[in-house]
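For reference, the structure is listed below as structure tokens.
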Amino acid sequence: MTKKTFNAAKNNEVTSFRNIFHSRTSNGFRDEHIWVSIVDPPSRSPFTRAQRVSCCMCLLLCTMAINIAFWNIPKDENSPVLLSFGSLEITWQEFMVGIQSGLLMFPINILIITIFRSIRPRVTSKSKKGNSVENFTPPPVTIATILKDTEEVISSVSSSPRNKMSDMHRLESTTDLCLALDRVHEFIHLMQGESESDHHWVYCSKFLLAALCHLLMCLEKLGERPFLSVHEYQHTLNLTNLLVRKVEMVLSSHLVFCPPPVRKTKKRSASCWLPWWCVILGWFLLLSISGISTYFTLLYGFTYGKVKSTKWVISLGLSLFQSIFILQPLKVIGLAVFFALMLKPVAVEETEEIEQVMTEQQGKRRRYSGRQTL
């Protein structure tokens, strides 16, 4: 068995240039590089994959239109040849047309991407949220599901050596359920006897409280029919009630000496977000620019011959190469260096995404335990 100790990072290590630059660069390529983000976009980002693909298509069409418009200017016969591939030659004029086309279409694409990225998700009304919660149908309660849930709770608690609790065999009957509750009762006495409070016992108490509340709720729904006798059902129900009250007292006692850390929430300014209906504006600009670019590409393309069309395709490829491998990476790396040198923030995931995940988990925990506050 290999043991390794992971020490907590110090403040100067968290805010170091290396850490912030690495985090910003890795996240930037997944989110801000428009071509790479199609393959692996961030989860829960308001900028969806369909919008990213559409922006890439608009970028391609816009590049084609700008390139073909540049090729309408007179050709410079004295332009030097930079590269030669057999009969194909890349001149300095073609290279400059590719760079100019990339620079011209870059602000247009950035405008559309910024609109999609800055749109706040549409918030549904409270009535719709209430209906979705009411329509949530939990799985049917059976004695098999109760035994399985109890077995998983004991397995989770016994996985920590600090809890000094051995794992149980598979629960197969209501008699095994009573034995498992007795084992949980012994563990609660162990937590009561701990004089030193720390976050481990707080988390164990919260976990047990949620699990026992869920078990109590399931027992009340199930009734006495699957049990061998009414006395056994009442004993199991009363024991679960007792364990819930004891865990509540243990949790309260540990919270007094070990309060949970205060979570500082930074409110994002309203100016950083656009209203949800701006997504219509974004799609209108995207479709309009794509349509106009397609029209001018076809209009000029029919008048060009084979030689000029071939050179136009080469210039188009240079523009796309510059966008994918030069402009977009430079934008990501430049922002990473700016944040690492100037602002010194801790590079983490989006605050809005974390809050959304926390809200969803709290809702699941309330439905699981049947309690509004836990």
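For this chain, numbers begin at 1 and follow the sequence in order. Values reported hereafter were calculated over all heavy atoms of this structure, with side chains retained and with hydrogens, waters and symmetry mates removed.
Within the 4.5 Å cutoff, the side chain of Val202 has no heavy atoms near those of the Phe207 side chain. Using a 4.5 Å heavy-atom threshold, the side chains of Gln51 and Val279 count as touching. No side-chain heavy atom of Thr236 sits less than 4.5 Å from a side-chain heavy atom of Thr174. Residues Thr150 and Asp176 fail the side-chain proximity criterion, which asks for heavy atoms closer than 4.5 Å. Side-chain atoms of Leu216 and Leu212, non-hydrogen and from C-beta on, never get closer than 4.5 Å to each other. Annotation: side chain of Asp182 is in contact with side chain of Leu239 (closest heavy-atom distance under 4.5 Å). When side chains are defined from C-beta on, His235 counts as touching Cys178, because their heavy atoms get closer than 4.5 Å. With contacts defined as side-chain heavy-atom distances shorter than 4.5 Å, the pair Met165/Ser160 does not qualify.
Leu190 and Asn163 get closest at one heavy-atom pair: CD2-O, 3.0 Å. The two residues Leu147 and Ser173 come nearest to each other via the heavy atoms CD2-O, 3.5 Å. Residues Pro226 and Ile143 come closest through the heavy atom pair CB-CB, 4.1 Å. Taking all atoms of both residues into account, the shortest heavy-atom contact from Cys58 to Ile112 is SG-CD1, 4.0 Å. For the pair Cys218 and Val141, the tightest heavy-atom approach, listed with the atom from each and the gap, is O-CG1, 3.6 Å. Residue Ile188 comes nearest to Lys246 through the heavy atom pair CG2-CB, 4.0 Å, listed as atom of the first residue, atom of the second, then distance.
Side-chain atoms of Tyr233 come within 3.5 Å of backbone N or O of Leu219 as a donor-acceptor pair. No donor-acceptor pair closer than 3.5 Å links the side chain of Ser155 to the backbone N or O of Glu151. Checking side-chain atoms of Thr145 against main-chain N and O of Thr142 turns up a donor-acceptor pair under 3.5 Å. Counting only distance, with no hydrogens or angles, the side chain of Glu232 and the backbone of Leu228 share a donor-acceptor pair below 3.5 Å. A donor-acceptor pair under 3.5 Å is formed between the side chain of Arg52 and the backbone N or O of Phe47. In this structure, the side chain of Ser159 engages the main chain of Ser156 through a donor-acceptor pair within 3.5 Å.
Considering CG of Leu60 and OG of Ser290, their distance stands at 9.5 Å, rounded to 0.5 Å. Note: Leu61 CG to Cys56 SG = 11.0 Å, rounded to the nearest 0.5 Å. We find the CD1-CG distance between Ile115 and Leu111 to be 4.5 Å, quoted to the nearest 0.5 Å.
A tilted orientation is assigned to the rings of Trp201 and Phe187, their planes being inclined by 30° to 60°.
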Step by step, would you call Arg49 with Ser37 a side chain to side chain donor-acceptor pair (under 3.5 Å)? CA-CA 8 Å; Arg49 180 174 287 177; Ser37 63; over 6 Å; no
Using the rule given for side chain to side chain contact (heavy atoms under 4.5 Å, CB included), can you reason through Glu248 versus Ser205, listing the C-alpha separation, both sets of side-chain angles and the distance that settles it, and then say yes or no? CA-CA 8 Å; Glu248 288 176 342; Ser205 303; over 6 Å; no
Might you work through the side chain to side chain contact (heavy atoms under 4.5 Å, CB included) test for Leu215 and Leu181, ending with a clear yes or no? CA-CA 10 Å; Leu215 175 61; Leu181 291 177; 3.6 Å; yes
If you apply the rule side chain to side chain contact (heavy atoms under 4.5 Å, CB included), what do you find for Cys278 with Phe116, and how did you get there? CA-CA 8 Å; Cys278 283; Phe116 282 127; over 6 Å; no
Go through it in stages, so that I can follow the logic: the residues are His189 and His185, the test is side chain to side chain donor-acceptor pair (under 3.5 Å), and I'd like the CA-CA distance, side-chain angles, deciding distance and then a yes or no. CA-CA 6 Å; His189 283 301; His185 200 175; 3.2 Å; yes
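Shown here is Phe296, whose CZ atom has no more than 12 heavy atoms of other residues, nucleotides or ligands within 6.0 Å.
Residues Val53 and Leu59 are members of separate hydrophobic clusters, defined by side-chain heavy-atom contacts under 4.5 angstrom among Ile, Leu, Val, Met, Phe, Trp and Tyr. A continuous path of Ile, Leu, Val, Met, Phe, Trp and Tyr side chains, each step under 4.5 Å between heavy atoms, connects Leu179 with Leu177, placing both in one hydrophobic cluster. A continuous path of ILVMFWY side-chain contacts below 4.5 Å connects Leu287 to Leu285, so both sit in one hydrophobic cluster. Ile289 and Ile280 fall within a single hydrophobic cluster, where Ile, Leu, Val, Met, Phe, Trp and Tyr are joined by side-chain heavy atoms under 4.5 Å apart, directly or via other members. In terms of hydrophobic clustering, with Ile, Leu, Val, Met, Phe, Trp and Tyr side chains grouped at heavy-atom distances under 4.5 Å, Val244 and Met249 are assigned to different clusters.
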